[in-house]
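Atom set for the values below is all heavy atoms of this structure, side chains included, hydrogens, waters and symmetry mates excluded. Order of the sequence lines sets the chain letters (A, B, ...), proteins ahead of strands, with each chain counted from 1. The shown structure was predicted, so the numbers you read here are calculated from the model rather than taken from an experiment.
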Amino acid sequence: MQSSTHVRVRFAPSPTGSLHVGGGRTVLFNYLFAYGQARREGGDGTLILRIEDTDQTRLVEGAAQQIEDVLTWFGLTWDEGPDKGGPHGPYVQSQRLDKYQTAAQYLIDQGKAYRCFCSRERLQEVREAQQAKGLPPGYDRHCRNLSQADIDARLSEGAPFTVRFSMPRSGETTVTDMIRGDMTFQNEHLEDLVLLKSDGYPTYHLGNVVDDHDMEITHIMRGDEWIATAPIHVNLYKAFGWDVPKIAHMPLILAPGGGKLSKRHGSTAMEEFRIQGYLPEALMNYLALLGWSLDGTTEIFSKQDLLAHFTLERVSPSPATFDYAKLLWFNQHYINHILTVDDLVARVAPFLIEAGLIDKTWLETESDRLALLTEATRLLKDRMRTLAEAPELMGYFLQDELPDYEAALLIPKKTEPAQVKTALDAVAGWLPGADLDNLEQTEADLRGLAESLGLKAGQLFMPIRVAATGRTESPGLFETLRAIGKDRLTRRLDTARQTFG
RNA sequence: GCCCCCAUAGUCUAGCGGCCCAGGACGUCACCCUUUCAAGGUGAAGAUCACCGGUUCGAAUCCGGUUGGGGGUACCA
């Protein structure tokens, strides 16, 4: 990066729904660039959150708030925005309409924009006609050279109009992209885009350029889908006489089969990953590696690690396919190896409460229930892939009664029902005098019992496991029995024995 | 159709002219550990570096073309 000491970047979502992972990755890179790279290199870095709610027809109630909430969950912070204000507010475009109107009027006065009175129907017809002729569809600049008399006449009759940008008709425009280099476009291919809609709201193009200038944005980091309009934006800056910020387009995130990542392939919204039990740090780690890498070898990055190492120069220009399996691996890795047990307990609790397995009182310090929850979490830590799996995994530790299970599970392969019955009876005889807190003793006792019954250890352990948990998989048997406790174990054993009539 | 972007194993990537007949990770498979399931350990398969031409003593790395994939082509962002 150049020696600029002043970096101001922004994330500008439109509140038309929940935040997509592509957007999540874009904010992340903005955040890492401002707070990581810029500050490391001796400058200051500022991240601005701006809500671009200029499409009144697609607005979703509460979406802006939800985006802020999910960003907070994700672990990101920003310096200026709707919630915290700042020197360049307001940070919601619908509250800055006068600025866009003033800007549009300025361009009209300069002869760099014009009012367009064309109806949507006419626009549609023009587009269809051009497509039919095999020409590139686009506005035919019909209103670009209207006489002043025509314009006045239309205005006096109160005709609705949009304001369009007068793109230069010849020459070329070069966009310098920080991760792709120069991209040159022939001006004749660029459209006279609508800047101001007939409802007085700006389009993305005007709103974005005006605000980025007004908010003194130094670096624009946005999705790859904006490349096509970037040359028009550059021309807009020139028309206003403003400096063009540095621009970087983030590589696209593609769906597994190709194309856009959509619901059809699985979750696409940040919020959904939260609900499905993904950890924000795992999602962040995964998303950071989608288009960026440090050395091709290091895989695990905490937010601090990312802040310490991220550089825009190492962002790849090529699109990346979203791999759910790898995300799941990261999540599992964080649960299994990075989180502490206490931390996991705190993360898993909301999911258990939601499932009705525990309630808030379980979390009171020094309660026996918290001890049980903690022990259950410790035992299942290595077997949990997402937080959402916790209720399913931990039920038999947390509940008094076991849900019904298939009696056939009690009978291991190559073992007769009669043998199992005898074995469980023997275990029931042993249990009252057993010391479950002594794991070594429990193991010695049960191995001895198996031997005396003429069974292999596994042939005895599996029926006990199923009787105790209702499942064929569990953490180590002796620790599992200890956590369940003698009382519940006795009852569960009785239930199992009764299935043999 | 037109404009633009991209191109290393199924996927994410390292590589920025010789160290690479290509390294790491996910996934897959095998083995070890083992009371089950995981986790962990070890190992294997998997890429003629999309293709074709150049440049060079030498190319995955530079250039051109082709093909393929993707994006844009709205009074959506």
Side-chain angles (χ1 to χ4, degrees), chain A residues 12-16 52-55 57-58 116 118-120 123-124 127 130-131 133-139 160-164 175 177 180 183-186 188-191 193-199 201-205 207-208 222-231 249 251-252 254 256 258-260 286 289-300 316-330 332-333 335-337 380-385 393 412 443 446-447 450 456-462 464-466 469 471-478 480:
Chain A
S14 72
T16 53
E52 304 209 332
D53 57 342
T54 57
D55 186 344
T57 64
R58 295 202 311 153
C116 171
C118 293
S119 66
R120 288 168 197 269
L123 260 20
Q124 178 74 20
R127 210 173 296 129
Q130 278 161 333
Q131 266 165 339
K133 278 189 276 181
L135 293 168
Y139 183 54
F161 62 88
T162 61
V163 175
R164 284 182 184 271
V175 176
D177 183 293
R180 264 164 265 263
M183 302 182 286
T184 298
F185 301 75
Q186 297 305 309
E188 60 185 317
H189 292 135
L190 303 175
E191 270 206 85
L193 285 181
V194 170
L195 261 23
L196 204 63
K197 309 181 216 179
S198 53
D199 63 2
Y201 281 75
T203 58
Y204 169 89
H205 315 290
N208 205 255
R222 72 218 318 184
D224 170 295
E225 68 271 20
W226 293 106
I227 289 181
T229 44
H249 291 96
L252 237 34
L254 266 27
K260 277 188 179 172
Y286 175 67
L289 259 15
L290 220 48
W292 174 84
S293 72
L294 176 63
D295 53 17
T297 302
T298 315
E299 295 271 322
I300 302 301
S316 154
S318 58
T321 303
F322 196 89
D323 184 351
Y324 289 92
K326 189 151 188 179
L327 203 214
L328 185 59
W329 177 82
F330 271 108
Q332 173 169 243
H333 183 84
I335 290 175
N336 296 173
H337 304 296
L380 262 355
K381 198 169 176 284
D382 279 349
R383 288 151 239 261
M384 200 181 293
R385 300 183 300 174
L393 249 28
E443 175 161 11
L446 292 177
R447 285 191 187 279
K456 287 184 179 176
Q459 287 179 293
L460 175 63
F461 292 179
M462 185 53 86
I464 298 175
R465 168 175 292 110
V466 174
T469 69
R471 319 171 49 117
T472 54
E473 337 60 61
S474 79
L477 184 61
F478 317 117
T480 300

Chemist: When the C1' atoms of B/rG71 and B/rC76 are compared, how many Å lie between them, rounded to an integer?
Modeler: 15 Å
Chemist: Could you tell me how far B/rU28 sits from B/rU73 if I compare only their P atoms? Round to whole Å.
Modeler: 39 Å
Chemist: Using atom P of each nucleotide, how far apart are B/rA14 and B/rA7 to the nearest Å?
Modeler: 10 Å
Chemist: Can you give one letter per nucleotide of nucleotides 71-77 of chain B, 5' to 3': B if a protein heavy atom sits under 4.0 Å from the base, S if only from the sugar-phosphate, - if neither?
Modeler: SSSSBBB
Chemist: Less than 4.5 Å apart, any side-chain heavy atom of A/V466 and any of A/T472?
Modeler: yes
Chemist: Using the C1' atom on both, measure B/rG15 against B/rA47 and round to a whole Å.
Modeler: 14 Å
Chemist: The criterion is salt bridge (Lys or Arg N to Asp or Glu O under 4.0 Å); which residues satisfy it with A/D177, sequence neighbours excluded?
Modeler: A/R180
Chemist: What is the pairing partner of B/rU35, taking Watson-Crick or G-U wobble pairs with both distances under 3.5 Å in any strand?
Modeler: none
Chemist: Determine, for nucleotides 31-46 of chain B in 5'-to-3' order, which nucleotides have protein heavy atoms under 4.0 Å from the base (write B), from only the sugar-phosphate (write S), or from neither (write -).
Modeler: ----BBBBSS------
Chemist: Does any non-hydrogen side-chain atom of A/I227 lie less than 4.5 Å from one of A/F185?
Modeler: yes
Chemist: Using 0.5 Å steps for rounding, measure from the OG1 atom of A/T162 to the CZ atom of A/R120.
Modeler: 9.0 Å
Chemist: With sequence neighbours excluded, what pairs up with A/R58 under the salt bridge (Lys or Arg N to Asp or Glu O under 4.0 Å) test?
Modeler: A/D55
Chemist: Find the distance A/L327:CG to B/rG27:P and express it as a whole number of Å.
Modeler: 12 Å
Chemist: Taking salt bridge (Lys or Arg N to Asp or Glu O under 4.0 Å) as the test, write out the residues that go with A/K197, two or more places apart.
Modeler: none
Chemist: With heavy atoms under 4.0 Å as the rule, sort A/R180 into base, sugar-phosphate or nothing.
Modeler: sugar-phosphate
Chemist: What is the pairing partner of B/rC51, taking Watson-Crick or G-U wobble pairs with both distances under 3.5 Å in any strand?
Modeler: B/rG65
Chemist: Atom CD1 of A/I300 and atom P of B/rG24: how far apart are they, to the nearest Å?
Modeler: 17 Å
Chemist: Going from SG on A/C118 to OH on A/Y139, what distance comes out if it is rounded to the nearest 0.5 angstrom?
Modeler: 3.0 Å
Chemist: Please name all residues satisfying salt bridge (Lys or Arg N to Asp or Glu O under 4.0 Å) with A/R471, sequence neighbours left out, ordered by chain then number.
Modeler: A/E392, A/E473
Chemist: Using both distances under 3.5 Å as the test, list the Watson-Crick or G-U wobble partner of B/rC2, or none.
Modeler: B/rG72
Chemist: Rounding to an integer number of Å, can you tell me how far A/D323 CG sits from B/rA9 P?
Modeler: 15 Å
Chemist: What's the gap between B/rC12 and B/rC4 when it is taken at their P atoms, as a whole Å value?
Modeler: 25 Å
Chemist: With P as the reference atom in both, quote the distance from B/rG54 to B/rA60 in angstrom, rounded to an integer.
Modeler: 15 Å
Chemist: So, do A/F330 and A/L289 sit near enough that their side-chain heavy atoms are less than 4.5 Å apart?
Modeler: yes
Chemist: Taking the side chain as every heavy atom from C-beta outward, state whether A/L327 and A/F322 have any atom pair closer than 4.5 Å.
Modeler: yes
Chemist: Starting at NZ of A/K326 and ending at C1' of B/rU13, how long is that distance when rounded to a whole Å?
Modeler: 7 Å
Chemist: Do A/I464 and A/L477 have side chains that approach each other closer than 4.5 Å (heavy atoms only, starting at C-beta)?
Modeler: yes
Chemist: Between atom CG in A/L294 and atom C1' in B/rA25, what is the gap in whole Å?
Modeler: 14 Å
Chemist: Rounded to whole angstrom, note down the C1' distance from B/rC63 over to B/rU55.
Modeler: 7 Å
Chemist: Quick check on RNA chain B: between A/Q131 and A/Q186, whose nearest nucleotide comes earlier from the 5' end?
Modeler: A/Q131
Chemist: Specify the separation, in whole Å, of atom OH of A/Y324 and atom P of B/rU28.
Modeler: 18 Å
Chemist: If you measure from the P atom in B/rC49 to the same atom in B/rU11, how many Å do you get, rounded?
Modeler: 16 Å
Chemist: How long is the line joining CG of A/L289 and P of B/rU11, in whole Å?
Modeler: 17 Å
Chemist: For B/rA14, take OP1 and OP2 only and decide whether either is under 4.0 Å from a side-chain N or O of A/T297.
Modeler: no
Chemist: Considering Watson-Crick and G-U wobble pairs with both distances under 3.5 Å, what does B/rA25 pair with?
Modeler: B/rU11
